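In what follows, a structure is listed as structure tokens, so that the remarks can point back to it.
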Amino acid sequence: MAAHVDPLVVGRVIGDVVDLFVPTTAMSVRFGTKDLTNGCEIKPSVAAAPPTVQIAGRVNELFTLVMTDPDAPSPSEPTMREWLHWLVVNIPGGTDPSQGQVVVPYMGPKPPVGIHRYVMVLFQQKARVAAPAPEPDAARVRFSTRAFADRHDLGLPVAAMYFNAQKEPANRRRHY
């Protein structure tokens, strides 16, 4: 019988983005009517608007949600690893990111080449995070989920999910 291997390990999320952790909080993610499962493919057009994210936990618990692309600009040469797509802090447990403070607004996937992984990592905060002012777009490049967690004393993640996306072909009409 084959041993179960965590999809976060198979997808190299563990290693490239975060260290090995034990999930302790349930998190569900949905783009429109599509429920996210680790490693599934989502079209960038479907993910243009922020997903619906439901976070378990108690209202007196606070969480931070980070979404990055560790494959920017290309999976073979990720020189901009990680590209920050969304950062929300102080999300009360049992709610969703709209109840937290947006530090970096949501930016949908726009992979220029290859198949990119888009990773959502959830941290439980030990205390309220003093949310910095919304960051300029320059702060999106070479973001480090690990360094951010260290700076804000977040420890290891409590949940993570990822999906894959690739550039959609342009609509081509036949001309006769």
Side-chain angles (χ1 to χ4, degrees), residues 1-57 61-78 80-89 91 93-100 104 106-125 140 142-150 154-168:
M1 185 166 169
H4 169 74
V5 180
D6 189 321
L8 295 172
V9 173
V10 174
R12 297 183 337 273
V13 170
I14 305 288
D16 286 353
V17 180
V18 295
D19 295 323
L20 189 61
F21 71 98
V22 176
T24 57
T25 302
M27 175 174 71
S28 66
V29 181
R30 171 182 287 204
F31 284 101
T33 59
K34 174 128 175 119
D35 287 321
L36 195 71
T37 57
N38 279 318
C40 71
E41 175 129 358
I42 302 277
K43 290 181 179 176
S45 58
V46 171
T52 301
V53 179
Q54 229 10 84
I55 299 166
E61 296 172 326
L62 294 173
F63 295 90
T64 292
L65 180 67
V66 178
M67 179 177 159
T68 66
D69 171 0
D71 300 318
S74 79
S76 60
E77 290 189 42
M80 295 177 174
R81 175 178 290 167
E82 300 163 53
W83 183 278
L84 182 60
H85 279 263
W86 200 17
L87 177 57
V88 185
V89 300
I91 306 165
T95 68
D96 61 78
S98 72
Q99 304 302 306
V104 176
Y106 180 82
M107 172 188 276
K110 292 184 177 82
V113 64
I115 298 171
H116 288 236
R117 296 165 294 162
Y118 293 87
V119 181
M120 292 186 203
V121 182
L122 186 69
F123 294 95
Q124 185 169 353
Q125 300 170 201
R140 293 182 185 268
R142 291 186 197 81
F143 180 83
S144 168
T145 300
R146 280 187 187 95
F148 179 83
D150 286 347
L154 297 174
L156 290 172
V158 295
M161 298 185 84
Y162 81 101
F163 65 94
N164 295 313
Q166 58 186 316
K167 187 174 186 172
E168 293 179 75

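Note that the structure is a prediction, hence the values are computed from the model and not measured. Every heavy atom of this structure was used, including side-chain atoms; hydrogens, water molecules and symmetry mates were not.
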Item to check | side-chain contact (heavy atoms from CB on, under 4.5 Å) assessment of Thr68 paired with Val17 | outcome: CA-CA 9 Å; Thr68 66; Val17 180; 4.2 Å; yes
Next on the checklist: Determine whether Val121 and Thr64 satisfy the following criterion, side-chain contact (heavy atoms from CB on, under 4.5 Å), listing intermediate values before the conclusion.
Outcome noted: CA-CA 8 Å; Val121 182; Thr64 292; over 6 Å; no
Checklist entry - Is it true that a side-chain atom of Arg140 and a backbone atom of Leu84 form a donor plus acceptor pair closer than 3.5 Å? => result yes
Item to check | Ring centroid separation Phe123 to Phe148 under 6.0 Å | outcome: no
Item to check | Donor-acceptor pair, side chain of Asn38 and main chain of Tyr162, under 3.5 angstrom | outcome: yes
Item to check | Shortest non-hydrogen contact between Ala165 and Ile42, atoms and distance | outcome: CB-O, 3.3 Å
Checklist entry - Does a donor on one side chain and an acceptor on the other come within less than 3.5 Å for Glu82 and Thr145? => result yes
Item to check | Euclidean distance, Gln124 CD relative to Glu61 CD, rounded to 0.5 Å | outcome: 4.5 Å
Checklist entry - Does the His85 side chain pair with the main chain of Met107, one donor and one acceptor, at a distance under 3.5 Å? => result yes
Checklist entry - For the residue pair Pro73 and Val113, what are the closest heavy atoms and their distance? => result O-CG1, 4.0 Å
Checklist entry - Atom OH in Tyr106, atom CG in Leu65: separation rounded to 0.5 Å? => result 10.5 Å
Next on the checklist: As an exercise, state the distance from CH2 of Trp86 to CE of Met120, rounded to the nearest 0.5 Å.
Outcome noted: 6.5 Å
Checklist entry - When rounded to the nearest 0.5 angstrom, what distance separates CG in Asn164 from NE2 in His116? => result 10.5 Å
Checklist entry - For the residue pair Phe163 and Tyr118, does the interplanar ring angle fall in the parallel (under 30°), tilted (30 to 60°) or perpendicular (over 60°) class? => result parallel
Checklist entry - With no hydrogens and no angle check, is any side-chain donor or acceptor of Arg81 less than 3.5 Å from a backbone partner on Asp71? => result no
Checklist entry - Taking the side chain as C-beta and beyond, is there a heavy-atom pair between Pro111 and Pro44 under 4.5 Å? => result yes
Next on the checklist: For a quick check under 3.5 Å, do Gln54 and Ser28 share a side-chain donor-acceptor pair by atom type?
Outcome noted: no
Checklist outcome for this item: Between the CD atom in Gln166 and the NZ atom in Lys43, the distance rounded to the nearest 0.5 Å is 10.0 Å
Checklist outcome for this item: Gln125 and Ile91 have their tightest heavy-atom pair at OE1-N, 4.5 Å
Item to check | Point-to-point distance, once rounded to the nearest 0.5 Å, from CZ of Arg117 to CG of Asp16 | outcome: 4.5 Å
Next on the checklist: Is it true that, when you exclude Glu77 itself, more than 12 heavy atoms of the residues, nucleotides or ligands shown sit nearer than 6.0 Å to its CD?
Outcome noted: no
Item to check | Residue pair Val158 / Phe63, side-chain heavy-atom distance below 4.5 Å | outcome: yes
Checklist entry - Any idea which heavy atoms bring Leu36 and Met161 closest together, and the distance? => result O-CE, 3.2 Å
Item to check | Minimal non-hydrogen separation, Ala149 against Gly155, with atom names | outcome: CB-O, 3.9 Å
Next on the checklist: Using the rule side-chain contact (heavy atoms from CB on, under 4.5 Å), only one of Thr24, Val53, Ile55 pairs with Leu122; which is it?
Outcome noted: Ile55
